[in-house]
Amino acid sequence: MTKEEEITLRKTACKIRIGVLTATHGAKAGHPGGSLSAADVFTYLYFRELNIDPSRPKKVGRDRFVLSKGHTAPGLYAALAERGFFPVDDLPTLRHIDSYLQGHPNMDTVPGVDMSTGSLGQGVSCACGMALGLKKQGSAARVYTLLGDGELQEGQVWEALMFAAHYKLDNLCVIIDHNGLQIDGPNEKVMGLGSIPDKLRAFGLDVFQISGHDFQAMEGAFDAARQAKGMPSAIVLETTKGKGVSYMEGQVGWHGKAPNDEEYARGMAELSAQLAELEAV
Amino acid sequence: MADVKKVATRQSYGEALKELGAAHPDVVVLDADLANATKTEIFKKAFPDRHFDCGIAESDMMCVAAGLSTTGYVPFASSFAMFAAGRAFEQVRNSIGYPHLNVKIGATHGGISVGEDGASHQCCEDFALMRSIPGMVVMSPADDAEAKAMVKASYEHQGPVYMRFSRYGAPVIHDADRFTFEIGKGEVLREGSDVALIANGLLVAEALEAAELLAQQGISARVIDMATIKPLDEGLVLKAAKECGRLVTCEEHSIIGGLGEAVCAVIAKHGLPCPVERIGVNDEFGHSGPAGALLEQFGLCAGHIAEAAHG
């Protein structure tokens, strides 16, 4: 990745964060914290990694993405809109009655959404089914799924990981957004997770642990994950919840709360300044 | 009916899957470490590369089926009714029902006739659970021919389907060569004008026997095989209510939420002055015992149906 390409990705990530604020402010609800911690990986996936075509969302042979942590739909929608799947101007209709932008991802209404999710622990199993199906068909397509760290407390996640390893789903890449915070507080206070990489390794995954805000590191990890043979891969992203908006960073209270008008203005000013700074590079 | 040939519909399920697999390469079968009991092993022997054991993880299995269906396969996810409809309810609801994916659920060991395993495995709530999911087709066959035809019809249907099969042998009622099956259509097995017995699953044979008993008492009982609980054949229910004036629903399921309540809702909606007696498990758990003895003890046999028909 050239420096220029990295800057372009950072600018895109900034726009996706603006989309997250716009969508949750428009909705007066939603989950900005985990959308912002994952904004960089959404950027990397939709602007670098995934073989997709916004003009043909259901294209045969496309890579699939399943947002297992479905509550961070604002981040996914902002990325899809920025990538051209639907108008960015629609983002403020998030969660409104009759809007196609449902509170959690809906594959039947939102172009580019490959699986309806929202109930934690299920998306990763669905991704396993997709990976199995594509593998059986001899497709070169890959399947990516993003989980929250708190989501790892769902027992079904581990059923799915056993399945992925058992069926040698090397076309499956499981991504964990490890921002350390969940609704009731830090993971370690709510229900300790121990070492996530160790647990994933014990379940038979090829594990990479990197900063979730470093595009160069992501390139290394995603490229290496693609080389995994006979086993699924996992990328543990060390992230900051609320990343990019100063008053939200590391604050558990912003897990599922929308910014009010004043907070929105402040956040937008910060992100616009970050974008202007990148434009000037 | 001791001299009648009996086939457990779980056996029919396994055999039908094998036939379906031979005709359609997109059919895949999932099981959760119960292939020997659900009889999907019959399919597995014929098509080992299209049978996937998910281990003892029914929740994962349902979502894997959902994911598989998005790649063009038609998965038949199989387990006992208790786990398919019960344990994995929310997975079926959110990952199969909500996106209306083309997944078929084959649930064996439904009802109290599971027998010796006892209450933990005797699922009498699955119709209620599955009926409550928008767009879900819910069915339970009376015998071998109907079970096989149902499995094939489920493949042709686009969208989620729940099918309940039995562990206990069901008397063969239908002539497999002449039988045709349509989802959502009930079948009049015996004409009658004094009372209509609307049944599914194992209780269809009991209802037929009850009609014989009633005939000996001078009561003309119509017998309807209502294999599809949802969408319900409302026209056939209304016709029976109008022409017979009295209904008895018969199912190996809780009287709450199953065929009985579905029939009552139709009668109530149309304001018909037609009493409905519900034969089913009366809001209680089962217990261990031989299937036949349990059916008798829980009031699910021909004699009980005939008695209910009297009013």
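All values reported here derive from a predicted model rather than from experimental measurement. Every chain is numbered from 1, with letters handed out A, B, ... down the list of sequences.
F43(B) does not carry R50(B) over the face of its six-membered ring by the limits of under 6.0 Å from the centre and within 45° of the normal. Geometrically, R164(B) engages F127(B) in a cation-pi contact, judged by NZ or CZ lying under 6.0 Å from the ring centre and within 45° of the ring axis.
Interatomic distance, L67(A) CG to T72(A) OG1, rounded to the nearest 0.5 Å: 4.0 Å.
D26(B) and Y155(B) are linked by a side-chain donor-acceptor pair at a separation below 3.5 angstrom, with hydrogens and angles left out of the test. Side chains of T93(A) and Y100(A): a donor-acceptor N/O pair is absent below 3.5 angstrom, by distance only.
At a 4.5 Å heavy-atom cutoff, the contact between A160(A) and chain B is made by backbone and side-chain atoms alike. In this structure, chain A has no heavy atom under 4.5 Å from any part of L30(B).
Counting heavy-atom pairs under 4.5 Å between each of M162(A), M107(A), K58(A) and chain B puts M107(A) at the top. Ranking M115(A), H166(A), M130(A) against chain B, the residue ahead of the rest is M130(A), based on heavy-atom pairs under 4.5 Å. For the set T117(A), N106(A), V66(A), the entry with the most heavy-atom pairs within less than 4.5 Å of chain B is N106(A). Of all the listed residues (L134(A), V124(A), L132(A)), the one sharing the greatest number of non-hydrogen pairs under 4.5 Å with chain B is L132(A). The greatest number of non-hydrogen atom pairs below 4.5 Å with chain A, out of V28(B), D60(B), I56(B), is found for D60(B).
One finds no salt bridge joining R142(A) and D63(A) here, because no Lys/Arg side-chain nitrogen approaches an Asp/Glu carboxylate oxygen to under 4.0 Å.
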